Protein chains: 2
Amino acid sequence: MILSKSCVYAIRAALYVTANGKGSYVSIREIAEKLDIPFHFLTKILQTLTENNLMTSFRGAKGGVALARAEESISLIEIVKAIDGMDIFKECVLGLPNCGFDRPCPLHDEMVGVRDQIKQTFEQTTLGYLAKKTKDNNFRISALAISA
Amino acid sequence: MILSKSCVYAIRAALYVTANGKGSYVSIREIAEKLDIPFHFLTKILQTLTENNLMTSFRGAKGGVALARAEESISLIEIVKAIDGMDIFKECVLGLPNCGFDRPCPLHDEMVGVRDQIKQTFEQTTLGYLAKKTKDNNFRISALAISA
DNA sequence: TTAAATTAAGATAAAAGAGTCTTAAATAAG
DNA sequence: CTTATTTAAGACTCTTTTATCTTAATTTAA
Ligand code: SF4
Ligand code: SF4
């Protein structure tokens, strides 16, 4: 729910790169294998992140992808914006055309708060913070533990 | 986001029936036209609600659908459960297999709250309450105003 | 220079979600 | 009884998302 599978793949891959990239490029094949994401599918998704200046890529042997900026300066909302777009924060439950405060559906009062809270969370949460938190608490970004 | 289109159609249709049913059956054709939902598609969705004992249906001339119980006793979560299932409240952003408090993803702290809040809203909001609110405030459940 | 590795690009396919169409069964009314 | 109306049921199509496959371009290193 909320995010497309592509977007979830993008976030998980970005977290992997943040945690394992440190200075050098990480190959997409490694990310795909460690996170159990279809390789060619992930390649396209990361291309989109590269096109949106969130990552840089490098072809050829020893190639791969890396974060384009400092990990503390990239928030999840930028990834969501690149993959799913910001429209997901405009509508929500009933998704009527042109909904909003002026033309609300009956659930607006109940839902607009949580919708904006989700948006804020994505805005405020950076890759750096999340990667540290993941490491410190041994959280996982894959079916398997992140360690290994 | 959150709910499938089928589920949104189901909720909107249920609200229409609540507001316009009062005692008698409402034809699916009328609902479909007033809410601008594909007729045959809506028919199937409402069949599911009937199968789940949320609505009763009546074939033949003067036929249609009606709420199976008092409007104050049917909460949105029952409709969501019938159409999309309750799994949407088990996982959320990263949707890793078997996630949860014991095997959390790094966003669990931030997301589990809003996820449960959405669930609570669906649990606590009844068709009767929503229909009244819609009428009192002239909220809409369609691209057009509900009046007419 | 050649071979291996790796991303880029695009075609294709599979799966899921959404929507359409046809026929059958039930019901009311004339 | 017949006809019109309406839900039930199922086949079918269309679209979007997700996934796979092939070839090209780039880069390293032997
Ligand atoms: S709750 Fe508000 S923003 Fe969400 S669908 Fe309803 S009117 Fe639109
Ligand atoms: S936030 Fe919690 S429930 Fe949601 S996907 Fe992550 S681990 Fe699962």
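These figures come from a predicted structure and were not determined experimentally. In what follows, chains are A, B, ... by sequence order, proteins preceding strands, each numbered from 1. The figures that follow rest on heavy atoms only: side chains count, while hydrogens, waters and symmetry mates do not.
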Distance, rounded to the nearest Å, where B/I88 contributes CD1 and C/dG17 contributes P: 13 Å

Contact check, side chains of A/I118 and A/I2, non-hydrogen atoms, under 4.5 Å: yes

Closest to the side chain of B/I28, out of D/dT7, C/dA8, C/dA18, is D/dT7

B/D36 CG to C/dG19 P, in whole Å, measures 10 Å

Without decimals, in angstroms, what is the distance between A/L42 CG and C/dT7 C1'? 12 Å

Atom-to-atom span, CD of A/E33 to P of C/dT6 - whole angstrom: 10 Å

Regarding B/Y129 and B/Q124, do their side chains bring together a donor and an acceptor under 3.5 Å, going by distance alone? no

Could you check how far CE of A/M55 sits from P of C/dT6, rounded to whole Å? 17 Å

From the candidates C/dA8, D/dT7, C/dT20, the one with an atom nearest any side-chain atom of A/T43 is C/dA8

Measure the distance from CD on A/E51 to P on C/dT7 and round it to the nearest whole Å. 15 Å

Using atom CG of B/L46 as one end and atom P of D/dT7 as the other, report the distance to the nearest whole Å. 9 Å

Taking the side chain as every heavy atom from C-beta outward, state whether A/L49 and A/I83 have any pair of such atoms under 4.5 Å apart. yes

Determine whether B/F39 and B/R29 make a side-chain contact, defined as any pair of heavy atoms from C-beta on separated by less than 4.5 Å. yes

Could you list all N or O pairs between the protein and nucleotides 25-29 of chain D that sit under 3.5 Å apart?
unit_1	atom_1	unit_2	atom_2	d
D/dT26	O2	A/G60	N	3.3
D/dT27	O4'	A/R59	O	3.4
D/dT27	O2	A/A61	N	3.1

Between N or O atoms, less than 3.5 Å apart, protein on one side and nucleotides 10-16 of chain D on the other: list the pairs.
unit_1	atom_1	unit_2	atom_2	d
D/dA11	N6	B/K44	NZ	2.8

Keeping to residues at least two apart or across chains, list the ring-ring contact (aromatic ring centres under 6.0 Å, His included) pairs with something in residues 58-100 of chain A. A/Y25-A/F58

Before accepting this row, confirm whether a basic side-chain N of the pair A/K132/A/E72 lies closer than 4.0 Å to the acidic partner's carboxylate O. no

I want to check one thing: is the phosphate of D/dA8, taken as OP1 and OP2, less than 4.0 Å away from some side-chain N or O of B/S57? yes

A/L76 vs A/L127 side-chain heavy atoms within contact, under 4.5 Å: yes

What contact category does B/Y9 fall into here, base, sugar-phosphate, or nothing, at under 4.0 angstrom with non-hydrogen atoms? sugar-phosphate

Select base, sugar-phosphate, or nothing to describe what B/S6 touches, counting heavy atoms under 4.0 Å on all strands. sugar-phosphate

Between D/dT5 (P) and B/I31 (CD1): distance, integer Å: 19 Å

Check the pair A/F101 / A/H108 against ring pair (Phe, Tyr, Trp, His ring centres under 6.0 Å), numbers first and verdict last. CA-CA 8 Å; A/F101 289 96; A/H108 190 78; 4.6 Å; yes

Quick check on DNA chain D: between A/F39 and B/Q47, whose nearest nucleotide comes earlier from the 5' end? B/Q47

Hey, are the side chains of A/L96 and A/R103 touching, using non-hydrogen atoms and a 4.5 Å cut-off? no

